[in-house]
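Below: one structure, written as structure tokens.
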Amino acid sequence: MKELKRAVLEKGIVVGDDILKVDMFLNHRIDTGLALAMGNYIADYFREKSPNIIFTIEASGIAIAITTAIALENIPVVFAKKTAASNQGADRLYANVHSFTKNKDYLVSVERDYLPSGSCVLIVDDFLANGEAMRGLIKITEYANCKLCGAAVAIEKAFQSGGRELRSQGVDLLSLCKIKSIGNDEIILED
Ligand code: 5GP
């Protein structure tokens, strides 16, 4: 997606060998026009599959999950929570996720009622690296007896294994911007 690729090249900051910081427009400060355009793009790609729930993980996936959901005629957004709270319902679905950026494991969860059995779920997230977060969301989708109609990420780091593995498992995966490599302060995109 042209606008996102431009933002990545102009505003992305390389951290070390494998992390891309996009706090300027996606992870801390949100470019709302770009978020809207990304939502429309994802919605156009998946509209024919008639998803009826967008599923993401807090926090950075939520903005584009919402713009996608609005473009799909206001379907609901469900986000997996990373921390437990006393006001959460007890009937929950859990998956363990290893965080690439924080290098720690955490248990993500969703209240079962929010993913009704038989729903057609479209997963949306900000980044895809090794696919841990995406696999956790797919597991919860399966535990809920929902159908996975596809997955979309804003930025796929194609030099990590997540995208390749998910596609080989048959997941219909859309990446709006694929990064071939980063390092030495340089960002190289695919295509
Ligand atoms: P994965 O679970 O695919 O290994 O990593 C994806 C998750 O880790 C995303 O939800 C995102 O929050 C975070 N992540 C992975 N790589 C990067 C990166 O290069 N930059 C940023 N900002 N987040 C990343």
For the CZ atom of Phe127 and the SG atom of Cys177, what is their distance to the nearest 0.5 Å?
8.5 Å
Is there a continuous path of hydrophobic side-chain contacts, each under 4.5 Å between heavy atoms, that joins Leu72 to Val77?
yes
Rounded to the nearest 0.5 angstrom, the OG-CG distance for Ser109 and Asn96 is 12.0 Å
Side-chain donor/acceptor of Lys147 to backbone N/O of Gly118, under 3.5 Å:
no
If Ile, Leu, Val, Met, Phe, Trp and Tyr residues are connected whenever their side-chain heavy atoms lie under 4.5 Å apart, and connections chain through other members, are Val121 and Leu166 in the same group?
yes
Electrostatic pair Arg135:Glu165 at N-O distance under 4.0 angstrom
yes
Under 3.5 Å, is there a donor-acceptor pair linking the side chains of Asn130 and His98?
no
Output for pair (Ile182 CD1, Lys157 NZ), nearest 0.5 Å, gives 5.5 Å
In the single-linkage hydrophobic clustering (I, L, V, M, F, W, Y; side-chain heavy atoms under 4.5 Å), do Leu128 and Ile155 co-cluster?
no
Do other residues, nucleotides or ligands put more than 12 heavy atoms under 6.0 Å from Phe159 CZ?
yes
How is the hydrophobic cluster of Ile30 composed, in terms of its other members, when Ile, Leu, Val, Met, Phe, Trp and Tyr link through side-chain heavy atoms under 4.5 Å apart, directly or indirectly?
none
So, for Val8 and Ile187, which heavy atoms are closest and what is the spacing to 0.1 Å?
O-CD1, 3.6 Å
State whether the side chain of Asp31 and the backbone N or O of Gly33 hold a donor-acceptor pair below 3.5 Å, judged by distance alone.
yes
Hey, what do you get for OG (Ser50) to CD1 (Ile75), rounding to the nearest 0.5 Å?
9.5 Å
Between the side chain of Thr68 and the main-chain N/O of Ile42, is any donor-acceptor distance below 3.5 Å?
no
Roughly how far, to the nearest 0.5 Å, is NZ of Lys5 from CD1 of Ile179?
10.5 Å
Return each pair, listed once, that meets side chain to side chain donor-acceptor pair (under 3.5 Å) where at least one residue sits in residues 39-49; pairs must be two or more places apart or across chains.
Asp44-Arg47, Tyr45-Asp172, Lys49-Asp172
Tightest non-hydrogen contact, residues Lys102 and Ser99, listed as N-OG, 3.0 Å
Please confirm whether the backbone N or O of Glu58 pairs with a side-chain atom of Lys82, one donor and one acceptor, at under 3.5 Å?
yes
For Asn184, look at atom CG and say whether over 12 heavy atoms of other residues, nucleotides or ligands are found less than 6.0 Å away.
no
Consider only side-chain heavy atoms of I, L, V, M, F, W and Y, link residues closer than 4.5 Å, and tell whether Leu122 and Tyr143 are in one cluster.
no
Crowded around Met1 CE? As in, over 12 foreign heavy atoms under 6.0 Å?
yes
Between Asn52 (side chain only) and Cys120 (backbone N and O only), is there a donor and an acceptor less than 3.5 Å apart?
yes
Short question: side chain of Thr141, backbone of Leu137 - any donor-acceptor pair under 3.5 Å?
yes
From NZ (Lys81) to OH (Tyr106), nearest 0.5 Å
14.5 Å
Residue Asp105 excluded, over 12 heavy atoms near CG under 6.0 Å
yes
Residue of the set Thr56, Leu36, Leu34, Val124 for which side chain to side chain contact (heavy atoms under 4.5 Å, CB included) holds with Ile64:
Val124
Can you tell whether the side chains of Glu156 and Arg167 come within less than 4.0 Å, N to carboxylate O?
yes
Under a single-linkage definition using a 4.5 Å side-chain heavy-atom cutoff for Ile, Leu, Val, Met, Phe, Trp and Tyr, are Leu20 and Leu176 assigned to the same hydrophobic cluster?
yes
